[in-house]
Amino acid sequence: MAVETLATLPATAPLLARAAVTARGRRGSEVPQRTLRVEDVRVDRGRLAAYQRLTGYDVSDTVPQPYPWVLAFPLQTALMTRPDFPLALPGLVHLENRVTTHRPLDASEPLTLDVTAGDLRPHRRGRTLDVRLETRVDDELVWTCDSVYLSRGRGDEDAPRGDAPPQAPDGPAVAVWRLPDGLGREYAGVSGDVNPIHLHPLAARAMGFRRHIAHGMWTYARTLAALGRTSLGPSTSRVWFTKPVFLPSTVELVVGRAPGATTAALRSRRDPPTTHLVLTLEA
């Protein structure tokens with residue numbers, strides 16, 4: 001696997017603009033064997049604090065479990081907008097994440113970020129792709145994430161099925177969150193993810209959505225934050241993004257707990273059978 005080290009994290013907005021222009025014609029079947037790396041990445045404490053406030057974490061120097069994904073997002077975008085990348089970035093559907101924090105991360109630690117894409121796989125609704133993110137402090141692997149993305153298209157009904165999410169917990173909601181119209185713009189400001197489907201209803205309609213939608217990584221972070229401090233230490237969470245959350249809207253959090261494991265779900269307040277996210281957390 002070739003490793004290409006970039007001097008600094010790239011700017012995301014120009015990459016997304018270029019991806020929109022060059023989306024047509026990407027129909028390859030081979031993923032380049034390439035890892036993109038950036039070394040000596042420093043956490044901006046002001047930006048981290050804004051992220052923590054928006055997602056419900058206490059403001060501190062302890063890095064929330066989803067935050068290295070945010071740090072690596074520009075690098076992931078750079079990898080997936082290269083001319084030889086076989087899938088068009090616009091329209092990709094983020095299906096799930098599996099994230100492991102090997103030890104607590106402190107905002108003072110300089111990080112090395114790596115991003116690598118896996119092979120394409122058939123899916124009943126198109127093709128899926130895994131993207132591996134890794135974070136190191138010196139030579140110590142401290143955090144990993146495996147994301148699954150779907151490129152919609154001609155599917156294969158005989159394709160192997162991935163792991164289905166667990167059943168959402170039953171029972172009354174433990175929290176109710178009213179998500180404002182501008183949540184996507186707020187999250188874009190602290191995360192750098194300026195995908196138009198999250199920013200304005202007109203932009204979202206141009207991408208096939210009836211309204212703009214909340215960032216899945218916000219719903220994931222907000223759910224983890226509500227579960228307490230467990231995910232800040234050695235732990236593994238897995239999240240399935242099952243239905244988009246249109247803005248504005250109201251969602252409910254339901255939680256089921258067992259020794260060493262927690263299952264949580266976000267569901268629609270108006271239509272409780274509609275589940276937007278299912279998450280498991282083990283420590």
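This structure is a prediction, so every number in the text was calculated from the model and none was measured. We number each residue from 1, following the sequence as shown.
Atoms CG and CZ, on Leu253 and Arg269 in that order, are 12.0 Å from each other to the nearest 0.5 Å. Taking OG of Ser147 as the reference point, atom NE2 of His94 lies at 4.0 Å (rounded to 0.5 Å). Here the straight-line distance linking atom CG of Leu111 with atom CG of Leu105 works out to 7.0 Å at 0.5 Å rounding. Rounding to the nearest 0.5 Å gives a distance of 14.0 Å between CZ of Arg127 and CZ of Arg152. Met217 contributes atom CE, which lies 9.5 Å from atom CG of Asp193 (distance to the nearest 0.5 angstrom). The structure places OH of Tyr187 at 13.0 Å from CZ of Arg222, a figure rounded to the nearest 0.5 Å.
Classification of Arg98 and Glu96 as a salt-bridged pair fails, no side-chain N sitting under 4.0 Å from a carboxylate O. For the pair Arg42 and Asp40, the salt-bridge criterion is met [side-chain N within less than 4.0 Å of a carboxylate O].
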For Leu141 and Thr144: C-alpha separation, side-chain torsions, deciding distance, then whether side chain to side chain contact (heavy atoms under 4.5 Å, CB included) applies.
CA-CA 8 Å; Leu141 182 66; Thr144 59; 3.7 Å; yes

Could you give me the CA-CA distance, side-chain angles and deciding distance for Val115 and Met80, then say whether side chain to side chain contact (heavy atoms under 4.5 Å, CB included) is met?
CA-CA 10 Å; Val115 178; Met80 298 171 76; over 6 Å; no

Step by step, work out the side chain to side chain contact (heavy atoms under 4.5 Å, CB included) result for Ile213 and His198.
CA-CA 5 Å; Ile213 63 175; His198 305 298; 3.6 Å; yes

Go through the steps to decide whether Val31 and Leu120 satisfy the test side chain to side chain contact (heavy atoms under 4.5 Å, CB included), and finish with yes or no.
CA-CA 7 Å; Val31 178; Leu120 292 170; 3.9 Å; yes

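Hydrophobic clustering, with ILVMFWY side chains joined whenever heavy atoms are under 4.5 angstrom apart, keeps Tyr67 apart from Val59. Hydrophobic cluster membership differs between Leu113 and Leu15, with clusters built from Ile, Leu, Val, Met, Phe, Trp and Tyr side chains linked at under 4.5 angstrom. Hydrophobic clustering, with ILVMFWY side chains joined whenever heavy atoms are under 4.5 angstrom apart, keeps Val239 apart from Val254. Each of Val148 and Leu79 belongs to its own hydrophobic cluster when Ile, Leu, Val, Met, Phe, Trp and Tyr are linked at side-chain heavy-atom distances under 4.5 angstrom. Under the 4.5 Å side-chain contact rule for hydrophobic residues, Leu95 and Leu87 do not share a cluster.
Under the 3.5 Å distance criterion, with hydrogens and angles disregarded, a donor-acceptor pair is assigned to the side chains of Thr274 and Asp271. Checking Thr100 against Thr236 by side-chain atom types alone, a donor-acceptor pair falls below 3.5 Å.
Between the side chain of Glu252 and the main chain of Pro272, no donor-acceptor pair closer than 3.5 Å is present. Under a 3.5 Å cut-off, the side chain of Trp240 and the backbone N or O of Asp163 do form a donor-acceptor pair. Listed for the Asn195 side chain is a donor-acceptor partner under 3.5 Å among the backbone atoms of Ile197. Using a distance-only test at 3.5 Å, with no hydrogens or angles considered, a donor-acceptor pair links the side chain of Trp143 to the main chain of Gln65. Listed for the Arg185 side chain is a donor-acceptor partner under 3.5 Å among the backbone atoms of Leu199. Formation of a donor-acceptor pair under 3.5 Å by the Thr242 side chain with backbone atoms of His276 is found in this model.
You'll find the ring centres of His215 and Trp69 outside the 6.0 Å limit.
Pro248 approaches Pro180 most closely through the heavy-atom pair CB-C, 4.0 Å.
Contact annotation: the side chain of Val70 approaches that of Ser191 to within less than 4.5 Å [non-hydrogen atoms, C-beta and beyond]. A 4.5 Å side-chain heavy-atom check between Glu134 and Thr35 finds every atom pair outside the cut-off. Contact annotation: the side chain of Ser235 approaches that of Leu281 to within less than 4.5 Å [non-hydrogen atoms, C-beta and beyond]. Within the 4.5 Å cutoff, no side-chain heavy atoms of Ser268 are placed close to those of Lys243. Taking the side chain as every heavy atom from C-beta outward, Arg257 and Leu227 approach each other to under 4.5 Å. Looking at heavy atoms from C-beta onward, Asp84 lies in side-chain contact with Arg34 at the 4.5 angstrom threshold. Taking 4.5 Å as the limit, every side-chain heavy atom of Thr135 sits out of range of all side-chain heavy atoms of Leu133.
Aromatic ring pairs are classed by plane angle as parallel below 30°, tilted from 30° to 60° and perpendicular above 60°; the pair Tyr57 and Tyr51 is parallel. Between Phe241 and Tyr220, the two ring planes are perpendicular [angle over 60°; tilted spans 30° to 60°].
With a 6.0 Å radius and a threshold of 12 heavy atoms from other residues, nucleotides or ligands, Asp44 has its CG atom above the threshold. By the neighbour-count criterion of 12 heavy atoms within 6.0 Å, atom CZ of Arg229 is sparsely surrounded, having that number or fewer from other residues, nucleotides or ligands. When the shell of 6.0 Å around CG of Asp58 is examined, it contains 12 or fewer heavy atoms from other residues, nucleotides or ligands. Heavy atoms of other residues, nucleotides or ligands lying less than 6.0 angstrom from CD of Glu140 number more than 12.
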